[in-house]
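Below: the structure, in structure tokens.
Keep in mind that the numbers below use all heavy atoms, side chains included, and drop hydrogens, waters and symmetry copies. What you see is a predicted model, and the numbers here were worked out from it, not measured in a lab. The sequence lines fix the lettering, A, B, ..., with proteins before strands; numbering per chain opens at 1.
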Amino acid sequence: MQHTISKTLSETCTGVLKDLYQLEVESIEWQATRKEFAGDLTLVVFPYLKASRKKPEDTAQEIGTLLQERHAEVKAFNVVKGFLNISISDSYWQAVLHGIQDLENYGKGESLGRTTLVEYSSPNTNKPLHLGHIRNNLLGYSVAEILSAAGHTVKKVQIINDRGIHICKSMVAWQHFAEGETPETSGLKGDHLVGKYYVAFDKAYKEQIAQLMAEGKTEEEAKEHAPIFQEAREMLLKWEQGDAAVVALWQKMNAWVYAGFDASYRRLGVNFDKNYYESETYLLGKKIVEEGVAKGVFFKKEDGSVWCDLEAEKLGEKLLLRRDGTSVYMTQDIGTAIQRYEDFGIDGMIYTVGNEQDYHFQVLFAILKKLGYAWAENLYHLSYGMVDLPSGKMKSREGTVVDADDLMEQMISTAQKISEDLGKTDGLSEAEKNATHEMIGLGALKYFILKVDPRKRMLFNPEESIDFQGNTGPFIQYTHARIKSLLRKAGQMSIPNTGVYQSLAGIERDLIKQILNFPSIIQQAAADHAPSLIANYVYDLVKTYNGFYQQLAILNDENPAAVHFRIDLSRKTAAVVSSAMRLLGITVPEQM
RNA sequence: GGCCUUGUAGCUCAACUGGAUAGAGUACUUGACUACGAAUCAAGCGGUUGAAGGUUCGACUCCUUCCAAGGUCACCA
């Protein structure tokens, strides 16, 4: 509960505590009064008992009495054990609701003058995106939106792992088996085409291993000496030497993949301000490390390898440069971080990466701090759990990977089927219908994933997981569409403007309070990097609205003042629903 | 083995960061469409919050020890 009322109430309350008990308190914690009790805000008085030396009930009674005397908006209070429940006057709630005028920007924070960079997605270029990437993309994009709403200047980036043995495997297999196949000739999306040859490589590789083992080699020898694997390694070497033919093939196949990724990103509704490519950044960081050695932050072992001592942080020793002077992943990440600082002048950075890299980022952040960068204090690893299937982990080798494009398509066609069965979009054009089905199908998927705490691994059952009823994206979208329908109808009515709506119904007060909570929810979600807070908030809001809708006549009430008020309340609810959903990357329809 | 994360209704998730009788959805059982959109609403059923101790006015939340699941400890990325 962070309404403006709690601020003024806190000031009054501080004075009350001082006058009653000579108690100086820093801040006062208000919480929303639970539904089963009367009141709006609750003060827990247990912390003040030592000072008051009275029973909880008497203490609460005393504080309540003075609060009511001194604060005009306190209409009434009641005491239950050590809980002081305070009721705020209806006129206050109505006035604050009325004060919300800029619906488009309601809830957003003042500019903080801070630039925060959010990295997400960051795929390899040897295969298409899958369900794990979807969780990553949705989280990263949403956190970026939330930070932006909270007042940060946000830059969204990804680092594309476009070089290395994995893409060479696809390249080798394509040379052997593709007979010149391209996205155009095959009709396959580019990333899927390249993925197909990555699978083909693996198949051929396994066959060769089996053959060599049949000839008496050990498994390790076989893996090492399989001809196709040797070819991939040679290709990697040639790439590093800048061999023209290899580089040309590499560029051609990566271009296919990027075209495919672009299509997936566009459909998913995510975007980036800048792409980084490992082929351009993998040599970064070496210079920084050398400088670190000179400064004594890092040290060199006898064999020439460079390390960072993080025993004090309980992270052990970490290699930064190999014996032969080449860099490792960590070196590269150090260089990239600094590169980004130079590109954007960032104040902080968020890495959206799976939790299997928790240790890596602890080390990275510790090293950047050791190097003395101010922005290193504001680095955050947005770590998320794996997405499991009923059969267990997703494994590309066993073909149990849920493909991102397939999944989106499936969601959308499910939405279409349900929508057509209900027949509520009959008046729309084909293009409008398609847009609506996309909106609903993707809304279901996005909400399903974002409502869960990122740290938790989640189970995804393709058949059962995603509902369109209950605590779901479509439920929230439906409420929005229904409000919009109501408002369209209201627009055609002429309602005499007579006086002020007097007494609020309980559900109306609840709705106002929830709308007023939106700004603080955004701040909290930003501070916690937690889209799930937004998801839970908007769900609760919509549930309350549906109760309101059911209990009260909105357009048909005999009191015109009530009608005016309820239309205003409905319009503002719809605006908050739309804004909140947009923070999750979900759009809401006018009709569905 | 060391370290990190997670464990809440049959299932999927909450719990405002230590506050009141742990809440939603789903599934199951019922009731509500001649009312502004039933992808809705209302009611019932469902819990030893992994286990045992401890801290305190008060614990899902903090501490200790166990149990379970996952991750991680590469001169891989």
Side-chain angles (χ1 to χ4, degrees), chain A residues 1-2 29-37 42 44 46-47 49-50 56 80-83 85 124 161 164-166 278 282 301 303-307 314-316 319-324 326-330 332-333 354-360 362 383 385-386 388 393 415 418-419 421-422 424 440 444 448 451-453 455-459 461 464-479 481-490 493 517 520-521 524 528 532-533 535-537 539-540 543 546-547 549-557 563 566-567 570 591-592:
Chain A
M1 280 294 259
Q2 291 297 330
E29 294 284 318
W30 297 97
Q31 47 186 295
T33 304
R34 292 182 66 113
K35 280 217 172 86
E36 56 266 41
F37 303 102
T42 294
V44 182
F46 289 109
L49 295 185
K50 270 185 196 152
V80 182
K81 295 193 281 184
F83 297 88
N85 302 319
N124 289 358
N161 188 7
I165 191 74
H166 56 272
E278 283 209 345
Y282 80 110
K301 286 194 177 174
D303 62 4
S305 59
V306 175
W307 297 73
K314 291 183 178 167
L315 295 170
L319 177 86
L320 297 176
L321 287 179
R322 293 190 188 98
R323 200 171 4 182
D324 60 7
T326 54
S327 58
V328 293
Y329 188 41
M330 186 63 72
Q332 188 185 134
D333 266 6
N355 62 8
E356 72 273 14
Q357 295 201 36
D358 285 354
Y359 170 74
H360 173 78
Q362 281 183 35
S383 167
M386 297 290 108
D388 289 327
K393 281 183 79 164
I418 294 174
S419 183
D421 286 350
L422 291 170
K424 289 183 186 173
I440 296 168
F448 177 79
K451 74 174 181 182
V452 182
D453 184 331
R455 277 175 309 195
K456 294 187 178 176
R457 50 204 314 238
M458 52 185 287
L459 181 77
N461 186 331
E464 299 169 12
S465 272
I466 300 193
D467 254 315
F468 288 72
Q469 286 171 351
N471 186 358
T472 66
F475 167 79
I476 295 162
Q477 290 170 318
Y478 169 77
T479 304
R482 195 165 65 168
I483 296 175
K484 284 310 182 95
S485 164
L486 186 85
L487 293 176
R488 281 192 293 273
K489 199 154 282 184
M493 297 167 55
N517 263 337
S520 73
I521 294 288
Q524 203 194 334
D528 294 355
S532 60
L533 292 181
N536 293 332
Y537 166 77
Y539 172 65
D540 282 336
K543 239 162 72 80
N546 284 336
Y549 182 92
Q550 199 77 19
Q551 278 178 37
L552 301 169
I554 296 169
L555 301 179
N556 300 327
D557 196 282
V563 175
R566 287 171 192 162
I567 289 172
S570 297
Q591 183 181 342
M592 67 185 268

Pair A:Asp324 + A:Arg322: basic N to acidic O under 4.0 Å: no
Sugar-phosphate, base or nothing in reach of A:Tyr539, heavy atoms under 4.0 Å: sugar-phosphate
Footprint string (nucleotides 69-77 of chain B, 5' to 3'): B base within contact, S backbone only, - free, heavy atoms under 4.0 Å: SSSS--BSB
Sugar-phosphate, base or nothing in reach of A:Phe475, heavy atoms under 4.0 Å: sugar-phosphate
Sugar-phosphate only, base, or nothing, as touched by A:Ser532 at under 4.0 Å among non-hydrogen atoms: nothing
Pairwise P distance for B:C75 and B:A14, with rounding to whole Å: 37 Å
A:Tyr329 and A:His360 aromatic ring geometry - parallel, tilted or perpendicular at 30°/60° bounds: parallel
A:Glu36, nearest nucleotide to its side chain (from B:A20, B:U26, B:A14): B:A20
B:U21 glycosidic torsion: syn (within 90° of 0) vs anti: anti
Touch class at under 4.0 angstrom, heavy-atom based, for A:Leu552 against every strand present: base
Atom-to-atom span, CG of A:Asn471 to P of B:A9 - whole angstrom: 17 Å
side-chain N/O A:Asn556 vs B:A35 OP1/OP2, d < 4.0 Å: no
Touch class at under 4.0 angstrom, heavy-atom based, for A:Ala490 against every strand present: nothing
side-chain contact (heavy atoms from CB on, under 4.5 Å) assessment of A:Glu29 paired with A:Val44: CA-CA 8 Å; A:Glu29 294 284 318; A:Val44 182; over 6 Å; no
Residue met sooner reading RNA chain B from 5', once A:Pro47 and A:Pro474 are mapped to nucleotides: A:Pro47
Sugar-phosphate only, base, or nothing, as touched by A:Val44 at under 4.0 Å among non-hydrogen atoms: base
Nearest-angstrom distance, P atom, B:G46 to B:U5: 36 Å
P atoms of B:G44 and B:U49, separation to the nearest Å: 22 Å
Sugar-phosphate only, base, or nothing, as touched by A:Asn85 at under 4.0 Å among non-hydrogen atoms: base
Spatial distance of atom CD1 (A:Ile440) from atom CD (A:Gln477) [nearest 0.5 Å]: 6.0 Å
Euclidean distance, A:Ile476 CD1 relative to A:Asp540 CG, rounded to 0.5 Å: 9.5 Å
Separation of B:A20 P from A:Phe46 CZ (nearest whole Å): 10 Å
pair A:Leu321-A:Ser327: side-chain heavy atoms closer than 4.5 Å: yes
Any A:Arg34 side-chain N or O less than 4.0 Å from OP1/OP2 of B:G23: yes
Pairwise P distance, B:U17 and B:C62 [rounded to whole Å]: 13 Å
Sugar-phosphate, base or nothing in reach of A:Lys543, heavy atoms under 4.0 Å: sugar-phosphate
Distance between C1' atoms of B:C13 and B:U56 (Å, rounded): 31 Å
Secondary structure string for RNA chain B (Watson-Crick or G-U under 3.5 angstrom, | for other-strand pairs): (((((((..((((.....[...)))).(((((.......))))).....(((((..]....))))))))))))....
Shortest non-hydrogen contact between A:Asp358 and A:Ser383, atoms and distance: OD1-OG, 2.8 Å
Between P of B:C16 and CG of A:Asp453, the distance in whole Å: 12 Å
Same-atom distance (C1') from B:G50 to B:G70, integer angstrom: 15 Å
Polar side-chain atom of A:Ser485 near backbone of A:Ala481 as donor-acceptor pair, under 3.5 Å: no
Contact under 4.0 Å: A:Lys456 side-chain N or O vs B:C13 OP1/OP2: no
B:G23 to B:C28 separation - P atoms, rounded to the nearest Å: 24 Å
Aromatic ring proximity A:Tyr539/A:Phe475, centre distance under 6.0 Å: yes
A:Gln31 CD to B:G18 P, straight-line distance once rounded to whole Å: 12 Å
Pair A:Thr472-A:Asp467, side-chain donor/acceptor within less than 3.5 Å: no
Interatomic distance, A:Ile483 CD1 vs B:C41 P [rounded to whole Å]: 12 Å
Sugar-phosphate only, base, or nothing, as touched by A:Arg455 at under 4.0 Å among non-hydrogen atoms: sugar-phosphate
Out of B:U12, B:C36, B:A20, whichever nucleotide has its closest atom nearest the side chain of A:Leu459: B:U12
For atom CD1 of A:Ile521 and atom C1' of B:A14, their distance in whole Å: 13 Å
A:Arg482/A:Tyr549 under side-chain contact (heavy atoms from CB on, under 4.5 Å): CA gap, chis, key distance, verdict: CA-CA 10 Å; A:Arg482 195 165 65 168; A:Tyr549 182 92; 3.5 Å; yes
base_contact_polar (B:A20 base, A:Thr42 side chain, donor-acceptor, <3.5 Å): yes
Gap between atoms CZ and C1', on A:Arg482 and B:C36 respectively (whole Å): 9 Å
Working for side-chain contact (heavy atoms from CB on, under 4.5 Å), residues A:Leu552 and A:Asp557: CA-CA 8 Å; A:Leu552 301 169; A:Asp557 196 282; over 6 Å; no
Nearest-nucleotide comparison on RNA chain B, the residue closer to the 5′ end among A:Thr472 and A:Ser485: A:Thr472
A:Asp528 CG to B:U61 C1', straight-line distance once rounded to whole Å: 15 Å
Whole-angstrom distance between B:G25 and B:A20, as gauged at atom C1': 24 Å
